[in-house]
Amino acid sequence: MIPIKSESEITIMRTACRIAATVLDRLCRLVAPGVNTYDLDQEGRKLLGSYDARSACFGYQVGSKRFPAYTCLSVNDEIVHGIGTLKRVLQDGDIISVDVCVEYQGFIGDNARTVAVGDIAPARQKLLTVTEEALLKGIQQARPGNRVGAISNAVERAVRPFGYGIIRDFVGHGVGRSMHEAPQIPNFGPASRGERLRPGMTLAIEPMIAEGRSQVVMADDGWTALTVDGLPAAHFEHTVLVTGGDPEILTIPDSGI
Ligand code: MF3
Ligand code: CO
């Protein structure tokens, strides 16, 4: 069963998501050649603190491992869950997925964006544009009456014409009191699959798309997911509220900051 949020829960979700989006926006503005990903992660930690929020990634436990960073910073062939390090100095032409997942007053807001470092090759820009467009197409299907699969199918259809690899090992997810709630939201598959969507559901929709093959390998750090062929991948994510009508994107930054 996919949890339905009450009005008061949605009110806190809105704030959690606005903080997540504002921090993401500010981190993306700091991305530049010469910046290392450890410093970027530390900026994320400080910004979250300034909003009385905390990272939902830091200490996140899978088996006996705990995620050691405050944000996920994934460069080029790193797809998701990259860990900022002093050694990873961003270079002109890189792309970086910045993923900010926050907890505020017991609720989670989750969003990500892949941005260019300096000037990037047209093929990389195309990958970013198509992946973001696929996210927006998926979001448009987050409406009552549709099943979860309508989102998956819309993402897949937006990406297929370009021949990119759709990552299958990671999926979008329900989000609320926990970072990962029901349902799982794959970025492929038939529209008829999954539960029906209802107002009050909050979903993190997040296409992860590779320029080449869709197979994933894990880095030695035990967290970072990489493309098997070393080609770049893009990742865009919003937290979305299913309403009685059009979907509402909750992870919109506070423009006044
Ligand atoms: N936005 C990521 C997700 O949905 C956050 C992962 S945090 C980590 O999975 F701790 F698992 F890295
Ligand atoms: Co997520």
Side-chain angles (χ1 to χ4, degrees), residues 2-3 13 16-17 19-25 27-28 37-38 40-42 44-45 47-48 53-75 78-85 88 96-104 107-115 131-132 134-136 138-139 142 148 151-152 155 166-187 201-209 216 218-226 233-241 247 249-252:
I2 310 174
M13 280 292 287
C17 288
I19 294 168
T22 305
V23 172
L24 174 62
D25 200 50
L27 288 182
C28 287
T37 55
Y38 178 82
L40 210 49
D41 187 57
Q42 288 297 312
R45 176 180 59 75
L47 281 165
L48 288 171
R54 65 168 195 89
S55 166
C57 290
F58 183 78
Y60 181 80
Q61 199 167 355
V62 175
S64 58
K65 305 175 300 181
R66 286 182 179 275
F67 192 72
Y70 296 87
T71 61
C72 298
L73 300 170
S74 311
V75 181
E78 298 172 354
I79 307 162
V80 286
H81 305 164
I83 297 164
T85 62
R88 189 71 190 234
I96 177 170
S97 158
V98 181
D99 189 339
V100 176
C101 189
V102 324
E103 191 245 292
Y104 175 79
F107 286 85
I108 307 285
D110 191 4
N111 68 166
R113 193 193 302 165
T114 306
V115 293
T131 305
E132 186 169 24
L135 169 60
L136 297 175
I139 290 171
V148 173
I151 300 169
S152 310
V155 171
I166 297 176
I167 306 300
R168 292 166 176 259
D169 292 17
F170 298 94
V171 295
H173 49 94
V175 58
R177 289 186 186 275
S178 311
M179 180 158 68
H180 296 136
E181 296 185 344
Q184 292 198 357
I185 311 175
N187 291 302
M201 292 177 174
T202 43
L203 309 173
I205 303 173
E206 50 178 323
M208 290 150 272
I209 307 298
V216 171
M218 294 306 292
D220 291 339
D221 63 23
W223 288 99
T224 311
L226 302 150
H235 174 215
F236 285 81
E237 175 178 35
H238 274 303
T239 299
V240 174
L241 171 68
I249 299 175
L250 298 182
T251 37
I252 301 290

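Start at 1 and go down the list; that is how both ligands and their atoms are numbered.
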Rounded to the nearest 0.5 Å, how far apart are [atom1] of [X] and [atom2] of [Y]?
X	Y	atom1	atom2	value
H81	T224	NE2	OG1	9.5 Å
N111	I252	CG	CD1	9.0 Å
L203	I2	CG	CD1	6.5 Å

Candidate with minimal heavy-atom separation from atom 9 (O) of ligand 1, of H173, R66, H180: H180
Closest to atom 1 (N) of ligand 1 among V171, D99, V100, T224 (heavy-atom distance): D99
Under 3.5 Å donor-acceptor, N187 side chain and V155 backbone: no
Q42: partners by side chain to side chain contact (heavy atoms under 4.5 Å, CB included), with sequence neighbours left out: Y38, R45, Y70
Any C72 heavy atom less than 4.0 Å from ligand 1: yes
Counting C-beta onward and ignoring hydrogens, is there a side-chain heavy-atom pair between [X] and [Y] closer than 4.5 Å?
X	Y	value
H180	Y60	yes
H173	D110	yes
T239	M13	yes

Nitrogen or oxygen of Y60 less than 3.5 angstrom from that of ligand 1: no
Proximal protein heteroatoms (N, O or S) of the Co ion (ligand 2), under 2.8 Å: D110 OD2, H173 NE2, E206 OE2, E237 OE2
